[in-house]
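Single-structure report; data block below.
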Amino acid sequence: MKQLKNKAGEIIPFIGLGTFPFQGKVMADMVKSAVKVGYRLFDTADDYHGESGIGLARQELEKEGIVKREDLFIQTKISDNNATANEPLKAVYFNENSKFMQRHSVEEVVREKVSISLREMGTDYIDSLLIHYPFPGYYVDVWKTMIKLKAEGFVRYIGVSNFHEKHIETLIKETGVSPEINECYASPIATKQSLVDYCNQHDCLFVTYSPLMDITAGRIAAEKFQPLMVKYGKSLAQIILRWNIDRGCLPLPKTKNPSRLAENFNVFDFSLTTEEIDMISSLNCDYQYLVESKICPGI
Ligand SMILES: NC(=O)c1ccc[n+]([C@@H]2O[C@H](COP(=O)([O-])OP(=O)(O)OC[C@H]3O[C@@H](n4cnc5c(N)ncnc54)[C@H](OP(=O)(O)O)[C@@H]3O)[C@@H](O)[C@H]2O)c1
């Protein structure tokens, strides 16, 4: 199982905090509470507008002597701006109709975005930088700049998000460099097993976003999990998070509820058997809860 290390060289816990839509002091307080529980990985993106809250938490945690920057693992993303599901062509940057891109190179845009993220978070490096979506016609050039940023020391891990096998194949063919992380939605009703297997074969860590969303939406048949919840004395959320971990996928649960921060982290004192993992995976129906990309729907 691929593990992530912080800059201090330590393997970090195999779970991260999803931080959308926290901002400002709310974000800072959530991050600080999470660090005290044991979380070290924080997932954000330039278009979540929460990076400055992570920066605030980071500075306060250091001042209070709780953790140093190098103990944390901050993951952010290169997104487009202003694109919405209804108006995808309002994308400012990674869009062939963009007037902006007639004047600027992809490399300039990516470098500017990274310098803003660094400034917002008050840091001189990002632990992990992902391309938020496989922007058609642009993602290879974004990737080439990310490779340079890693070589220059601004970024420690480079990866992708919402990428399918074909997109990763293209990156490898064009640059020879495989992503170290692929952050995608997965759930017992959307196991994405072939993509998970593909990532494992390429030493690319599958990071799961929205791992608990299907509980909130009532799409998980809770009664199927009851025997496991009783056997291990764990909640439905904890069983699903552990299922992720046992299949080598690092989950990113988000909660605004401090007591759930601890509940979601408390998944390292048990593990599921192969039969139990398979039983949960058998609930798969290839569900897709959101369009994977605002810019390139239906990829
Ligand atoms: N790369 C991408 O394209 C992408 C897309 C979407 C999300 N993400 C990332 O993934 C993170 C998580 O995704 P998400 O917020 O969509 O979904 P999620 O974390 O799977 O689900 C959040 C929902 O689960 C609830 N919840 C949390 N802990 C729970 C527990 N122990 N028991 C029952 N319910 C629980 C939360 O409620 P409370 O808050 O009330 O506890 C909230 O309603 C985001 O914050 C973001 O960092 C990335």
Do you see a donor-acceptor pair shorter than 3.5 Å between the side chains of [X] and [Y]?
X: Ser259; Y: Asn257; value: yes
X: Asn284; Y: Asp286; value: yes
X: Ser117; Y: Glu51; value: yes
X: Ser235; Y: Glu263; value: yes
X: Tyr185; Y: Lys192; value: no
X: Tyr139; Y: Glu174; value: no
X: Gln193; Y: Ser281; value: no
X: Asn162; Y: Tyr209; value: yes
X: Ser187; Y: Asp214; value: yes

**Message:** Would you say NZ of Lys68 has more than 12 non-hydrogen atoms from neighbouring residues, nucleotides or ligands within 6.0 angstrom?
**Reply:** no

Can any side-chain N or O of [X] pair as donor or acceptor with the backbone N or O of [Y] at less than 3.5 Å?
X: Gln59; Y: Leu56; value: no
X: Thr208; Y: Pro211; value: no
X: Lys2; Y: Asp203; value: yes
X: Thr175; Y: Ile172; value: no
X: Arg69; Y: Tyr125; value: yes
X: Arg58; Y: Gly122; value: yes
X: Arg219; Y: Ile189; value: no

Which heavy-atom pair separates [X] from [Y] by the least distance, and what is that distance?
X: Leu261; Y: Ala34; result: CD1-N, 3.7 Å
X: Ala28; Y: Ala57; result: O-CB, 3.6 Å
X: Leu41; Y: Leu252; result: CD2-CD2, 3.8 Å

Would [X] and [Y] pass as an ion pair if we require N to O under 4.0 Å?
X: Lys148; Y: Glu152; answer: no
X: Arg156; Y: Glu180; answer: no
X: Lys234; Y: Asp269; answer: yes

**Request:** Give the intermediate values and the outcome of salt bridge (Lys or Arg N to Asp or Glu O under 4.0 Å) for residues Asp43 and Lys254.
**Result:** CA-CA 9 Å; Asp43 178 71; Lys254 163 258 159 190; over 6 Å; no

**Item:** Sole residue of His164, Lys166, His167 in side chain to side chain contact (heavy atoms under 4.5 Å, CB included) with Pro134
**Value:** His167

**Request:** Run through Asp46, Leu129, Thr76 and flag the one making a side chain to side chain contact (heavy atoms under 4.5 Å, CB included) with Val114.
**Result:** Leu129

**Message:** salt bridge (Lys or Arg N to Asp or Glu O under 4.0 Å), that's the test. Do Glu107 and Lys144 meet it? Break it down for me.
**Reply:** CA-CA 8 Å; Glu107 177 158 353; Lys144 285 178 180 167; over 6 Å; no

**Message:** The criterion is side chain to side chain donor-acceptor pair (under 3.5 Å); which residues satisfy it with Gln23, sequence neighbours excluded?
**Reply:** none

Below 30° counts as parallel, above 60° as perpendicular, anything between as tilted: where do the rings of [X] and [Y] land?
X: His104; Y: Phe100; answer: parallel
X: Phe73; Y: Tyr157; answer: tilted
X: Phe270; Y: Tyr232; answer: tilted

As an exercise, state the distance from [atom1] of [X] to [atom2] of [Y], rounded to the nearest 0.5 Å.
X: Glu108; Y: Tyr93; atom1: CD; atom2: OH; value: 11.5 Å
X: Arg242; Y: Ile240; atom1: CZ; atom2: CD1; value: 14.5 Å
X: Leu250; Y: Met1; atom1: CG; atom2: CE; value: 8.5 Å
X: Leu195; Y: Glu165; atom1: CG; atom2: CD; value: 4.5 Å

**Asked** Residues two or more places apart in sequence or in another chain: which of them pass side chain to side chain contact (heavy atoms under 4.5 Å, CB included) with Met27?
**Response** Thr19, Phe22, Val31, Ile54

**Message:** Can you list everything that forms a side chain to side chain contact (heavy atoms under 4.5 Å, CB included) with Ala8? Sequence neighbours excluded, please.
**Reply:** Asn6, Glu10, Glu70, Asp71

